[in-house]
Q: 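Starting off with a structure, shown below.
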Amino acid sequence: MPHPLTRAFFARSPRRVARDLLGKILLRDAGKLHLSARVVEVEAYLGINDPAAHAAAGNTARTSVLFGPPGHAYVYFIYGNHYCLNVSCEREGKAGSVLFRALEPLFGVQEMARARGITLHGPGDLPKLTSGPGRLAQAFGITRPRDNGCDLTSPASGLWLAEDGFRPRTIQITPRIGISKAADQPLRYILAENPFVSGRKTQVGV
DNA sequence: ATATCGATTATCT
DNA sequence: GATAATCGATATG
């Protein structure tokens, strides 16, 4: 049985939290709806001194959760279309966070497909559910303001993180995706060779 | 297979 | 007024 991650787990640097979140599980419990998926791709955002981080703009109405206690959901809306999910890290007052970029569905595949508004035609379609930060948020019904600030260490919140004993084999670290500032820093953590990791599907070079 | 582009809005300059 | 931690559709090789 999965058990929730602790506050102390998140009260560390974004790099360590990101690294250790790989292989953990995100769960959604809303009445009859139960979803779960394994974390396979995340990015670390380092706080006010990271030009690519929303926290670089300071503690505003939008970013206040980042400056609050660790282990809480920071949900933002982007490109007029998509929501994305982060978890706050470090101590209260320090704005590090981790962005969830891709998950591997474990339970509730049909419900995720319905939330995404797509029909599955085969196993090859599964990555369309949760591969990409906007996709996984839609699959889990994560929106702002409703889910912004919710406690991801508490099953009672209906959106939480847990571990089930899974141990990742190979972890790779690469530059972050989709940003223009500080784009060279290696802060993206992925489970190597997991088909649910977002981005290029074809291997270039070797 | 890769490249380009439109959608649509909160936030900041 | 411009841009953005994205996605999906369309065009082209």
Side-chain angles (χ1 to χ4, degrees), chain A residues 10 13-15 17-19 21-22 26 37 39-68 72-90 94-103 105 112-122 124-149 152 172-190 195-206:
Chain A
F10 297 102
S13 77
R15 292 179 216 258
V17 174
R19 157 73 178 70
L21 273 174
L22 290 177
L26 179 70
V39 179
V40 302
E41 176 182 357
V42 292
E43 283 176 358
Y45 285 84
L46 305 185
I48 59 172
N49 292 321
D50 178 355
H54 290 179
N59 187 340
T60 67
R62 182 198 196 192
T63 63
S64 63
V65 171
L66 293 173
F67 293 82
H72 290 257
Y74 168 58
V75 179
Y76 68 90
F77 189 61
I78 192 71
Y79 293 112
N81 284 299
H82 312 287
Y83 294 96
C84 297
L85 172 69
N86 290 243
V87 59
S88 59
C89 302
E90 298 183 305
K94 236 184 151 192
S97 66
V98 173
L99 168 69
F100 293 87
R101 286 199 56 92
L103 309 172
M112 292 183 202
R114 191 179 321 138
R116 292 271 297 115
I118 63 177
T119 304
L120 299 172
H121 293 102
D125 286 343
L126 287 176
K128 292 181 186 172
L129 296 178
T130 52
S131 181
R135 288 168 171 173
L136 73 87
Q138 189 178 23
F140 273 69
I142 294 166
T143 61
R144 181 184 173 115
R146 192 187 64 190
D147 296 298
N148 191 48
L152 296 178
Q172 261 175 27
I173 310 178
T174 79
R176 294 178 291 190
I177 303 242
I179 58 172
S180 53
K181 302 164 196 162
D184 51 330
Q185 292 200 54
L187 292 170
R188 172 175 174 255
Y189 296 75
I190 65 177
F196 293 88
V197 169
S198 75
R200 292 265 181 286
K201 298 292 183 205
T202 51
Q203 197 81 315
V204 56
V206 163

Q: Using atom OH of A:Y74 as one end and atom P of C:dA4 as the other, report the distance to the nearest whole Å.
A: 15 Å

Q: Measure OH/A:Y79 against P/B:dC5 and give the value in whole Å, please.
A: 15 Å

Q: Donor-acceptor pair under 3.5 Å: do we get one between A:Y76's side chain and the base of B:dA10?
A: no

Q: Quick one: label A:F77 by what it contacts on the DNA or RNA (base, sugar-phosphate, nothing), any heavy atom closer than 4.0 Å.
A: sugar-phosphate

Q: Take the angle between the ring planes of A:F77 and A:Y83 and call it parallel below 30°, perpendicular above 60°, tilted in between.
A: tilted

Q: Using purine N1 to pyrimidine N3 plus N6-O4 or O6-N4 for Watson-Crick, or N1-O2 and O6-N3 for G-U wobble, both under 3.5 Å, which nucleotide pairs with C:dA4?
A: B:dT9

Q: Report the distance from atom CD of A:Q185 to atom C1' of C:dA5, rounded to the nearest whole Å.
A: 14 Å

Q: What pair of heavy atoms forms the shortest contact from A:E41 to A:S198, and how long is it?
A: OE1-N, 2.6 Å

Q: Taking all non-hydrogen atoms of both residues into account, name the closest pair between A:P175 and A:A183 and its distance.
A: CB-O, 3.5 Å

Q: Distance check needed: B:dT9 P versus A:Y83 OH, whole Å only.
A: 10 Å

Q: Less than 4.0 angstrom between a side-chain N/O of A:R116 and OP1 or OP2 of C:dG8, yes or no?
A: yes

Q: Starting the side chain at C-beta, find the nucleotide from B:dA7, C:dC7, B:dC12 nearest to A:A57.
A: B:dC12

Q: Going by the salt bridge (Lys or Arg N to Asp or Glu O under 4.0 Å) test, name the single residue among A:R19, A:R15, A:R101 that passes it with A:E43.
A: A:R101

Q: Taking 4.0 Å as the cut-off, does a side-chain nitrogen or oxygen of A:S180 come that near to OP1 or OP2 on C:dA4?
A: yes

Q: Nearest-nucleotide wise, let me know which of A:G80 and A:G134 is further upstream toward the 5' end of DNA chain C.
A: A:G80

Q: Looking only at heavy atoms, what is the nearest atom pair of A:L187 and A:I173, with distance?
A: N-CG2, 4.4 Å

Q: Round to the nearest Å and state the distance from A:H82 atom NE2 to C:dA9 atom P.
A: 11 Å

Q: Please state how far atom CD1 in A:I177 lies from atom C1' in C:dA4, giving the value in whole angstrom units.
A: 16 Å

Q: Using heavy-atom distances to pick each residue's nearest nucleotide on DNA chain C, tell me which of A:K128 and A:R62 is more 5'.
A: A:R62

Q: Could you state the atom-to-atom distance from CG of A:N81 to C1' of C:dA5 in whole Å?
A: 15 Å

Q: How would you label the contact of A:L99 with the nucleic acid (heavy atoms, under 4.0 Å): base, sugar-phosphate, or nothing?
A: base

Q: Check whether any side-chain nitrogen or oxygen of A:H54 sits under 4.0 Å from OP1 or OP2 of C:dA5, and answer yes or no.
A: yes

Q: Closest approach of A:P51 and A:A182, non-hydrogen atoms and distance?
A: CD-CB, 4.1 Å

Q: Report yes if at least one side-chain N or O of A:R188 is closer than 4.0 Å to OP1 or OP2 of C:dA5; otherwise report no.
A: no

Q: If I take atom OH in residue A:Y45 and atom P in nucleotide C:dA4, what distance separates them, rounded to the nearest angstrom?
A: 12 Å

Q: What's the closest nucleotide to the A:I179 side chain, out of C:dA5, B:dT8, B:dT11?
A: C:dA5

Q: Heavy atoms only, 4.0 Å cut-off, all strands: where does A:R135 land among base, sugar-phosphate and nothing?
A: sugar-phosphate

